[in-house]
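In what follows, a single structure is set out as structure tokens and then discussed.
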2 protein chains.
Amino acid sequence: MYMKHKRIPDETIRRLPLYLRGLVFLLQEGHLSVSSEKFGDYVGVNSSQIRKDFSYFGEFGVRGVGYDIRKLAIEIKGILKLNEIHKAALIGAGNLGSAIISYPGLQLYGFDITAVFDNNTHKIGKKIRDIEILDVAKLGILKKKNIQIGIITVPRNAAQETADALVKAGVTGILNFSPCYIIVPKNVKVITIDIAGYLARMPYYITAG
Amino acid sequence: MYMKHKRIPDETIRRLPLYLRGLVFLLQEGHLSVSSEKFGDYVGVNSSQIRKDFSYFGEFGVRGVGYDIRKLAIEIKGILKLNEIHKAALIGAGNLGSAIISYPGLQLYGFDITAVFDNNTHKIGKKIRDIEILDVAKLGILKKKNIQIGIITVPRNAAQETADALVKAGVTGILNFSPCYIIVPKNVKVITIDIAGYLARMPYYITAG
DNA sequence: AATTACTTGTGCTTGCGTTCACATGCACAA
DNA sequence: TTGTGCATGTGAACGCAAGCACAAGTAATT
Ligand SMILES: NC(=O)c1ccc[n+]([C@@H]2O[C@H](COP(=O)([O-])OP(=O)(O)OC[C@H]3O[C@@H](n4cnc5c(N)ncnc54)[C@H](O)[C@@H]3O)[C@@H](O)[C@H]2O)c1
Ligand SMILES: NC(=O)c1ccc[n+]([C@@H]2O[C@H](COP(=O)([O-])OP(=O)(O)OC[C@H]3O[C@@H](n4cnc5c(N)ncnc54)[C@H](O)[C@@H]3O)[C@@H](O)[C@H]2O)c1
């Protein structure tokens, strides 16, 4: 893959999964190629923004024609390192955790939740979607299983200790749904999704005055 | 409330719920006042960023002393229009929808999901957390109930039609969990949370090379 | 070969957001 | 009343991101 020497904006990285998803669905709808203009309308991003985002990584389109959807999707998968399956572990098999385990949408990006943990003795040993819930004390097996990604869906007050345990088990990427700031070594990436926080902005936007 | 004439950055609005949450939890831990430095460490934001964010709305602190947590929380609630309870409707009582209905964390910001809809005849009439699931065909009652906020947790291919129905029912703010771009009139605010998209960035960050 | 229609890739401008650095102001003590 | 310590509030500098506008390149037609 041809690579530019420029710094890549983090906002660009943030949009790439959105683009990839859009391309996959366009393919499913029977399209084979698309212009930046049409694609921009489809995913809700300005067309020159899209062209610029791609330009950081190479020249993926054909002037006067547009982009080959299949080819572009492969390029983006490569950039995001989504070419191979990524195994992930989920800690906290509660309401949200169960929903995420059952969510087929993660497959689109090549993710597979292959290990689930909890500390509730009533839940340990049971299964969700054919995956047995394990005792969180056995988190150490992630190293053996070579799992690098952890998803935290435990209550807020258990989030930091869970993160610590994940790091100890060799995890280098954490997706955190608990509404709190988590401290990790700087070689570990944490992405926190604060669902309630998104909703909390709504009244500001929709209330007159 | 004293108001500056400056334009307020959207990123500032995005951080306010985070601040409010941090303040509430600090209060629960017994603190009464906090400095921007300490608070910054607590929520994971640079301290001068915090001071600047507040400065768009007034002078909430005391020089040499810090911020009165209770007072600051009230100010932020006022800015975000979270002083009164906001009723919300949720469409799609599936895995994710059920988790969100059961989530107590929305109360912190004053949200109350008072109406739930689905189109599955097996679900209509049943209850989740004492809330009866209604037929989505009856979405029109939102106008009578004066509900302004809708939460979409239906499958992707039903998201746009659900949004259309919500808009028709008078909703002006939509929190959308479906992985797709939704088109609405410009007096309606849509916030889309693409959970899988967050996870999809992880391999880029944690993979060497 | 020349013309037309179309769309990409990108230099440049503009705008937005973050961080620095310090003057300002408060509290408390001597 | 003066001095010391501390933390806020903000102008100014910096850095990052978005969008414009057009040259460059492709395809199809005459
Ligand atoms: N439910 C939602 O829609 C929602 C929305 C936004 C954020 N969240 C956040 O996600 C997290 C989980 O929410 P939930 O509604 O699924 O809660 P839940 O109580 O249904 O589930 C939490 C699970 O974690 C387990 N657990 C508790 N402590 C543990 C520990 N130390 N180690 C391992 N497992 C442990 C519990 O046994 C339980 O199964 C919370 O932090 C919550 O704030 C939830
Ligand atoms: N489950 C997750 O963890 C998760 C994560 C990220 C995104 N999402 C997204 O959230 C949405 C819901 O996911 P889910 O896992 O809860 O799916 P689900 O299938 O469990 O639930 C969907 C619900 O919507 C109902 N429904 C379908 N069409 C409808 C219509 N036209 N009107 C009203 N109700 C309708 C169904 O009867 C069902 O109860 C999907 O768009 C999914 O992509 C889910």
Side-chain angles (χ1 to χ4, degrees), chain A residues 1-19 22-23 26 31-73 75-76 79 201 204, chain B residues 1-19 22-23 26 31-73 75-76 79 181 201:
Chain A
M1 184 181 62
Y2 172 69
M3 256 295 192
K4 291 292 176 61
H5 302 303
K6 277 208 209 165
R7 203 193 59 86
I8 291 148
D10 203 56
E11 291 300 310
T12 293
I13 300 302
R14 184 165 309 202
R15 282 186 291 267
L16 291 183
L18 172 73
Y19 296 155
L23 294 171
L26 278 177
H31 298 81
L32 291 174
S33 81
V34 70
S35 71
S36 62
E37 190 72 27
K38 289 262 171 56
F39 191 52
D41 291 346
Y42 190 71
V43 298
V45 176
N46 183 303
S47 65
S48 54
Q49 181 74 80
I50 288 174
R51 296 197 299 277
K52 174 140 291 187
D53 282 340
F54 294 160
S55 80
Y56 291 109
F57 305 98
E59 311 202 351
F60 302 148
V62 179
R63 294 175 189 221
V65 179
Y67 298 91
D68 178 296
I69 293 179
R70 212 180 301 261
K71 186 163 156 283
L72 187 52
E75 294 286 358
I76 296 178
I79 296 164
R201 277 151 53 205
Y204 174 86
Chain B
M1 185 182 60
Y2 172 68
M3 256 295 193
K4 292 294 175 60
H5 303 304
K6 277 208 211 166
R7 204 193 58 86
I8 291 147
D10 202 57
E11 291 299 308
T12 293
I13 300 303
R14 187 168 306 214
R15 283 185 290 268
L16 291 182
L18 172 72
Y19 296 155
L23 295 171
L26 277 177
H31 298 81
L32 292 174
S33 82
V34 70
S35 71
S36 62
E37 190 73 27
K38 289 261 171 55
F39 191 52
D41 291 346
Y42 190 72
V43 298
V45 175
N46 182 304
S47 64
S48 53
Q49 181 74 81
I50 288 175
R51 295 198 299 277
K52 174 136 291 189
D53 282 340
F54 294 160
S55 80
Y56 290 109
F57 305 99
E59 310 200 354
F60 300 149
V62 179
R63 294 174 191 222
V65 179
Y67 298 91
D68 179 295
I69 293 178
R70 213 180 300 261
K71 186 162 157 282
L72 186 53
E75 293 287 358
I76 296 178
I79 297 163
Y181 177 59
R201 277 152 51 206

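By convention in this document, chain letters (A, B, ...) are assigned in the order of the sequence lines, proteins followed by strands, and residues within each chain are numbered from 1.
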>> What is the separation between atom CZ on A:Phe60 and atom P on C:dG9, rounded to the nearest whole Å?
In response: 9 Å

> Between B:Lys38 (NZ) and D:dC6 (P), how many Å, whole number?
Replying inline: 11 Å

> Can you tell me how far P of D:dC6 sits from CZ of B:Phe39, to the nearest Å?
Replying inline: 22 Å

>> Looking at B:Arg70, I'd like to know if its CZ atom is crowded, meaning that more than 12 non-hydrogen atoms belonging to other residues, nucleotides or ligands lie closer than 6.0 Å.
In response: no

>> Using the side-chain heavy atoms of B:Ser35, tell me which of these nucleotides is nearest: C:dT18, D:dT8, C:dC16.
In response: D:dT8

> Distance from A:Arg15 atom CZ to A:Asp53 atom CG, nearest 0.5 Å?
Replying inline: 4.0 Å

> What is the distance, rounded to the nearest whole Å, between atom CG of A:Asp10 and atom P of C:dC16?
Replying inline: 21 Å

Distance-only donor-acceptor pairs under 3.5 Å for side chains of residues 37-44 of chain A, two or more places apart:
residue : atom : partner : partner atom : Å
A:Glu37 : OE1  : A:Ser47 : OG           : 3.3
A:Tyr42 : OH   : A:Glu29 : OE2          : 2.8

> What distance do A:Ile69 atom CD1 and A:Leu72 atom CG have between them, rounded to the nearest 0.5 Å?
Replying inline: 8.5 Å

>> Using 0.5 Å steps for rounding, measure from the CD atom of B:Glu75 to the CZ atom of B:Phe54.
In response: 10.0 Å

>> With a 4.0 Å cutoff (strictly under), does any side-chain N or O of A:Ser36 reach OP1 or OP2 of C:dT8?
In response: yes

> Just how far, in rounded Å, is C1' of D:dC16 from CD of A:Gln49?
Replying inline: 12 Å

> Quick one: is D:dG9 close enough that its OP1 or OP2 comes under 4.0 Å of any side-chain N or O from B:Tyr67?
Replying inline: yes

>> It should be established whether B:Arg14 places a side-chain nitrogen or oxygen under 4.0 Å from OP1 or OP2 of nucleotide C:dT18.
In response: no

>> We want to know whether A:Asp68 and A:Ser33 form a side-chain donor-acceptor pair, criterion being a heavy-atom distance below 3.5 angstrom.
In response: no

> What one-letter contact string describes nucleotides 20-30 of chain C from 5' to 3', where B marks a base within less than 4.0 Å of any protein heavy atom, S marks contact via sugar-phosphate atoms alone, and - marks no contact?
Replying inline: BB--BBBS---

> For B:Asp53 and D:dG9, what is the distance between atoms CG and C1' respectively, to the nearest whole Å?
Replying inline: 13 Å

>> Suppose we screen for side-chain hydrogen bond (donor to acceptor under 3.5 Å, both in side chains). Which residues come up paired with A:Ser36, at least two apart in sequence or across chains?
In response: A:Arg51

> Between B:Ile8 (CD1) and C:dC16 (P), how many Å, whole number?
Replying inline: 13 Å

